[in-house]
Participant: 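Below are the structure tokens for one structure; questions will follow.
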Amino acid sequence: LTLMADKENPGTITEVPRMFTDKDFQNYKVSKVTDSVVRSFWEQEMAKTSDFHKSEMLGYLISKLGRFVENEMMRNIIGQSKSGFNLRDIMDNQKILLVNLSKGKTGEVNSDLLGLVIVSKIQMAAMARADMPQNERKDFFLYIDEFQNYTTDSIATVLSESRKYRLSLTLAHQYIGKCVKAK
């Protein structure tokens with residue numbers, strides 16, 4: 001939230017560790033925060049946190065984000081402050097977007113993260129279609145292979161809400177037993 005508060009230069013996931021290691025960068029980003037709860041976190045909680053506890057917190061963050069920040073391909077994807085494509089435009093104008101998340105090419109953890117992000121963004125784009133009359137919404141077809149990798153609250157929402165936003169789903173999986181467990 002702190003990084004996103006800078007409207008001119010919104011931060012990215014790759015800058016989260018820097019928020020804890022570069023005091024000047026932290027001060028600059030906090031100066032852009034208008035949300036009182038977020039500002040209070042930095043001015044009250046973090047200001048009272050000892051260096052030891054800050055280093056523990058940083059260690060935890062690095063253990064979670066490090067694999068993405070250190071991987072060049074992932075850093076180039078998640079290090080962008082603006083998306084290279086507009087999912088709403090793709091949906092509304094009946095364009096085609098192919099996303100290859102082959103675990104052999106991207107790695108399992110990277111593939112899972114990118115898939116979850118893309119499915120969530122598709123859900124948000126579909127639900128944003130509420131701003132147009134239902135009869136003007138064009139059908140958009142989402143095909144997900146190995147969908148058990150993307151079973152989250154977003155998929156549950158997509159499944160229950162997709163029809164009214166004209167989002168059609170085709171979900172594929174090799175093993176029916178895993179589908180039942182994925183519920």
Participant: State plainly whether one hydrophobic cluster holds both Leu114 and Leu65, where clusters connect Ile, Leu, Val, Met, Phe, Trp and Tyr through side-chain heavy atoms under 4.5 angstrom apart.
Facilitator: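 Yes; tracing contacts between hydrophobic side chains, which count when under 4.5 Å, links both residues.
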Participant: Work out which heavy atom in Asp92 is nearest to a heavy atom in Lys138; give both atom names and the distance.
Facilitator: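 So the two residues come closest at O-CD, 3.2 Å.
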Participant: Donor-acceptor pair, distance only, cut-off 3.5 Å: does the side chain of Gln80 make one with the backbone of Asn76?
Facilitator: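 Between the backbone of Asn76 and the side chain of Gln80 there is a qualifying donor-acceptor contact (under 3.5 Å).
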Participant: Show the numbers, then the answer: is there a side-chain contact (heavy atoms from CB on, under 4.5 Å) between Met91 and Leu167?
Facilitator: CA-CA 9 Å; Met91 285 181 162; Leu167 176 60; 4.1 Å; yes
Participant: Could you tell me whether a side-chain N or O of Ser111 sits under 3.5 Å from a main-chain N or O of Leu101, the two making a donor and an acceptor?
Facilitator: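 Flag set: sc Ser111 to bb Leu101 pair under 3.5 Å.
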Participant: Taking atom CD of Glu72 as the centre, report whether more than 12 heavy atoms of other residues, nucleotides or ligands fall under 6.0 Å from it.
Facilitator: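 Open: at most 12 neighbouring heavy atoms sit under 6.0 Å from CD of Glu72.
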Participant: Say you draw a straight line from CZ of Phe140 to CD1 of Ile96; how long is it, rounded to the nearest 0.5 Å?
Facilitator: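 Taking CZ in Phe140 and CD1 in Ile96, the distance rounds to 9.5 Å.
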Participant: How far apart are the closest heavy atoms of Leu58 and Pro17, and which atoms are they?
Facilitator: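 Of all heavy-atom pairs spanning Leu58 and Pro17, the closest is CD1-O, 3.9 Å.
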Participant: Return yes if some donor-acceptor pair links the side-chain N/O of Arg137 with the main-chain N/O of Arg129 below 3.5 Å, else return no.
Facilitator: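 Between the backbone of Arg129 and the side chain of Arg137 there is a qualifying donor-acceptor contact (under 3.5 Å).
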Participant: So, using side-chain contact (heavy atoms from CB on, under 4.5 Å) as the criterion, who are the partners of Leu87 when residues are at least two apart?
Facilitator: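 Counting only residues at least two positions away or on another chain, Leu87 forms a side-chain contact (heavy atoms from CB on, under 4.5 Å) with Phe85, Ile90, Leu97, Lys121, Ile122, Ala125.
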Participant: Rest of the hydrophobic cluster containing Tyr143 (Ile/Leu/Val/Met/Phe/Trp/Tyr, side-chain heavy atoms under 4.5 Å)?
Facilitator: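 Its cluster partners, ordered by chain and number, are Phe141.
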Participant: Do Val99 and Leu116 sit in the same hydrophobic cluster, where Ile, Leu, Val, Met, Phe, Trp and Tyr count as joined when their side-chain heavy atoms come under 4.5 Å apart?
Facilitator: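 Both belong to a single hydrophobic cluster.
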Participant: Take Glu56 and Tyr60 through the side-chain contact (heavy atoms from CB on, under 4.5 Å) test and state the conclusion after the steps.
Facilitator: CA-CA 6 Å; Glu56 281 188 336; Tyr60 176 79; over 6 Å; no
Participant: Among Met74, Met73, Arg75, which residue satisfies the side chain to side chain contact (heavy atoms under 4.5 Å, CB included) criterion with Phe68?
Facilitator: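 Only one option passes, and that is Met74.
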Participant: Could you check whether any side-chain N or O of Ser31 sits under 3.5 Å from a backbone N or O of Tyr28, counting only pairs where one atom can act as donor and the other as acceptor?
Facilitator: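 Judged by distance alone, yes, a pair lies under 3.5 Å.
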Participant: Please check this pair: side chain of Asn93 against backbone of Lys95, looking for a donor-acceptor N/O pair closer than 3.5 Å.
Facilitator: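 It does not hold such a pair.
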Participant: Would Met127 and Ile118 show up in the same hydrophobic cluster when neighbours are defined by side-chain heavy atoms closer than 4.5 Å?
Facilitator: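 They do not share one cluster, since no chain of ILVMFWY contacts under 4.5 Å joins Met127 to Ile118.
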Participant: Atom CD1 in Ile77, atom CG in Leu113: separation rounded to 0.5 Å?
Facilitator: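 Here the interatomic distance stands at 9.0 Å.
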Participant: When rounded to the nearest 0.5 angstrom, what distance separates CG in Leu1 from CZ in Phe41?
Facilitator: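 So the CG of Leu1 and the CZ of Phe41 are separated by 10.5 Å.
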Participant: So Glu15 and Phe25, side-chain contact (heavy atoms from CB on, under 4.5 Å) or not? Walk me through it.
Facilitator: CA-CA 10 Å; Glu15 294 174 314; Phe25 180 74; 3.8 Å; yes
Participant: Pro10 and Ser81: which non-hydrogen atoms are nearest, and at how many Å?
Facilitator: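 Heavy atoms only, the tightest pair is O-CB, 3.2 Å.
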Participant: When rounded to the nearest 0.5 angstrom, what is the spacing between OG1 in Thr2 and NZ in Lys32?
Facilitator: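 The OG1 atom of Thr2 sits 13.5 Å away from the NZ atom of Lys32.
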Participant: Any chance you could measure Ile144, atom CD1, to Glu146, atom CD, to the nearest 0.5 Å?
Facilitator: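 Taking CD1 in Ile144 and CD in Glu146, the distance rounds to 11.5 Å.
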Participant: Between Asp112 and Glu108, is a side-chain contact (heavy atoms from CB on, under 4.5 Å) present by the stated rule, with each step listed?
Facilitator: CA-CA 6 Å; Asp112 289 349; Glu108 186 171 356; 3.9 Å; yes
Participant: As an exercise, state the distance from CD of Gln123 to CG of Leu142, rounded to the nearest 0.5 Å.
Facilitator: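 With rounding to 0.5 Å, CD (Gln123) is 11.0 Å from CG (Leu142).
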Participant: Report yes or no: does Arg88 contribute a side-chain atom to a donor-acceptor pair with the main-chain N or O of Ala128 at less than 3.5 Å?
Facilitator: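 Between the backbone of Ala128 and the side chain of Arg88 there is a qualifying donor-acceptor contact (under 3.5 Å).
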Participant: Tell me whether Met124 is reachable from Met132 by hopping between hydrophobic residues (I, L, V, M, F, W, Y) whose side-chain heavy atoms are closer than 4.5 Å.
Facilitator: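 No, no single cluster joins them.
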Participant: Answer yes or no: are there more than 12 heavy-atom neighbours, outside Met46 itself, under 6.0 Å from its atom CE?
Facilitator: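 Yes, CE of Met46 has more than 12 neighbouring heavy atoms, counting only those of other groups under 6.0 Å.
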Participant: Identify which one of Asp22, Asp6, Asp24 satisfies the salt bridge (charged side-chain N to carboxylate O under 4.0 Å, His left out) criterion when paired with Lys29.
Facilitator: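 Considering Asp22, Asp6, Asp24, a salt bridge (charged side-chain N to carboxylate O under 4.0 Å, His left out) with Lys29 is found only for Asp6.
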Participant: In terms of hydrophobic clusters joined by side-chain contacts under 4.5 Å, are Ile78 and Phe20 together?
Facilitator: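 Hydrophobic grouping puts Ile78 with Phe20.
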Participant: If only atom types and distance count, is the side chain of Arg39 paired as donor or acceptor with the main-chain N or O of Val30 below 3.5 Å?
Facilitator: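 Yes; judged by distance alone, with no hydrogens or angles, the pair exists.
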